[in-house]
Amino acid sequence: MSATRKASELGADLLYRLFSGAIAPRPIAWVSTLDSAGNANLAPFSFFNVASVDPPVLAFSPLLDGQGAAKDTLHNLDEVAECVVHIGGEALAEPLNATSASLPRGDDEFLHAGLTKTAMPGLQVPCIGEAPLAFGCRVRDVIRFGDRPRSGNLVLAEVVVVHADADVWDGRHVNIEALRPIGRLAGADYSRTTDRFSLERPR
């Protein structure tokens, strides 16, 4: 039996479960940032997509936690307005998941997950050496939707430099079989892109 309810009656926790279960699979932004003291942070965000191509802008939304507190990524972007957005792929699913752990502020998720830091040309923020695809960005804007638990913060990050492994991108086409991107579902579930179908776009 279907039901229609006002969103205001559902509450943040129930809406989160609904969104994460129904709006799926979601691409994952694996985002590195720096604080003003030079400490690196690395975290995955599945509220993520492309916002613009010209200028090239990616959008991801770190939520406040269950107590309404901001995560390290937001604090760092306020201090150093740069980030690197990585596409990890299935081969890096385990370290990606490891960087979702709630570590104390200032602890290094690169070290925690056994990942290598490499320089991103023109930026202070390091990138993941093992990641096949990375977009170095400068923050254009952060739109803050409030200070309540689960409130979102929409980060608009303009891409200024791109790193891509040759087997993943030939300069024109992305090799999906080489990238093997993964998507986020609800709870502990992820999805693969191995089961695909095609439809020609109508003219």
Side-chain angles (χ1 to χ4, degrees), residues 25-50 56-62 70-139 155-184 188-194:
R26 299 181 305 283
I28 303 168
W30 202 6
V31 181
S32 59
T33 56
L34 276 181
D35 66 18
S36 57
N39 299 306
N41 181 262
L42 185 59
F45 299 96
S46 67
F47 290 7
F48 162 58
N49 220 304
V50 177
V57 177
L58 303 178
F60 65 96
S61 185
K71 298 178 181 179
D72 289 353
T73 296
L74 277 175
H75 289 301
N76 290 358
L77 292 174
D78 287 338
E79 296 177 11
V80 178
E82 300 176 357
C83 61
V84 181
V85 177
H86 308 81
I87 306 300
E90 189 177 345
L92 293 171
E94 290 292 340
L96 182 148
N97 184 53
T99 61
S100 67
S102 298
L103 303 182
R105 180 156 171 76
D107 280 15
D108 192 325
E109 285 83 2
F110 282 85
L111 294 175
H112 175 72
L115 295 164
T116 307
K117 289 191 192 107
T118 59
M120 198 64 167
L123 296 178
Q124 301 175 63
V125 177
C127 69
I128 302 167
E130 293 83 357
L133 196 53
F135 303 100
C137 304
R138 293 198 176 95
V139 176
V155 178
L156 299 175
E158 183 167 350
V159 178
V160 295
V161 61
V162 176
H163 165 81
D165 288 355
D167 62 334
V168 166
W169 188 53
D170 64 7
R172 182 171 176 82
H173 299 105
V174 172
N175 184 334
I176 290 294
E177 284 72 25
L179 180 59
R180 294 165 62 205
I182 55 175
R184 195 73 173 85
D189 292 339
Y190 291 77
S191 66
R192 297 183 173 94
T193 55
T194 49

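A quick note: this is a predicted structure, and the numbers were derived from the prediction, not measured.
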Where do [X] and [Y] come nearest, in terms of heavy atoms and distance?
X: L77; Y: C83; answer: CD2-CB, 4.0 Å
X: I28; Y: G183; answer: CD1-C, 4.2 Å
X: A37; Y: D35; answer: N-OD1, 2.9 Å
X: L74; Y: A70; answer: CD1-CB, 4.0 Å

Can you pull the ring pair (Phe, Tyr, Trp, His ring centres under 6.0 Å) pairs that have at least one residue in residues 72-122, sequence neighbours excluded?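 Every pair satisfying ring pair (Phe, Tyr, Trp, His ring centres under 6.0 Å) with a residue in residues 72-122: there are none.
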Who passes side chain to side chain contact (heavy atoms under 4.5 Å, CB included) against [X], sequence neighbours left out?
X: L111; answer: D108
X: A188; answer: none
X: R180; answer: E90, A91
X: A178; answer: D167, V168, N175

Quick one: do N39 and L34 satisfy side chain to side chain contact (heavy atoms under 4.5 Å, CB included)? Show the steps, please. CA-CA 5 Å; N39 299 306; L34 276 181; 5.8 Å; no
Taking the side chain as every heavy atom from C-beta outward, state whether [X] and [Y] have any atom pair closer than 4.5 Å.
X: V31; Y: F48; answer: no
X: T73; Y: F60; answer: yes
X: V80; Y: T33; answer: no
X: M120; Y: V161; answer: yes

Any side-chain donor-acceptor pair under 3.5 Å between T99 and E109?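 Checked: T99/E109 side chains show no N/O donor-acceptor pair below 3.5 Å.
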Just verifying a value: how many Å separate [X] [atom1] and [Y] [atom2], rounded to the nearest 0.5 Å?
X: N76; Y: L42; atom1: CG; atom2: CG; value: 11.0 Å
X: I87; Y: W169; atom1: CD1; atom2: CH2; value: 13.5 Å
X: E177; Y: L179; atom1: CD; atom2: CG; value: 10.0 Å
X: S46; Y: W30; atom1: OG; atom2: CH2; value: 14.5 Å

Just do the side chain to side chain contact (heavy atoms under 4.5 Å, CB included) check on V159 and L58 with the steps written out, would you? CA-CA 7 Å; V159 178; L58 303 178; 3.9 Å; yes
With sequence neighbours excluded, residues passing side-chain hydrogen bond (donor to acceptor under 3.5 Å, both in side chains) with T194: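 Per chain and number, T194 pairs via side-chain hydrogen bond (donor to acceptor under 3.5 Å, both in side chains) with no residue.
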Can you list, pair by pair, the side-chain donor-acceptor contacts under 3.5 Å of residues 121-138, counting residues two or more places apart and other chains?
| from | atom 1 | to | atom 2 | distance (Å) |
| --- | --- | --- | --- | --- |
| E130 | OE1 | T116 | N | 3.0 |
| E130 | OE2 | T116 | N | 3.2 |
| E130 | OE2 | T116 | OG1 | 2.7 |
| R138 | NH2 | G122 | O | 3.1 |

Using salt bridge (charged side-chain N to carboxylate O under 4.0 Å, His left out) as the criterion, list what pairs up with [X], not counting sequence neighbours.
X: D72; answer: R105
X: D189; answer: none
X: E158; answer: R140
X: D107; answer: none

Under the ring pair (Phe, Tyr, Trp, His ring centres under 6.0 Å) test, residues paired with F47 that sit two or more places apart: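 By the ring pair (Phe, Tyr, Trp, His ring centres under 6.0 Å) rule, F47 matches no residue at all.
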Got a sec: does the CD of E94 have more than 12 other heavy atoms crowding it under 6.0 Å?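 For E94, atom CD is not crowded (no more than 12 foreign heavy atoms under 6.0 Å).
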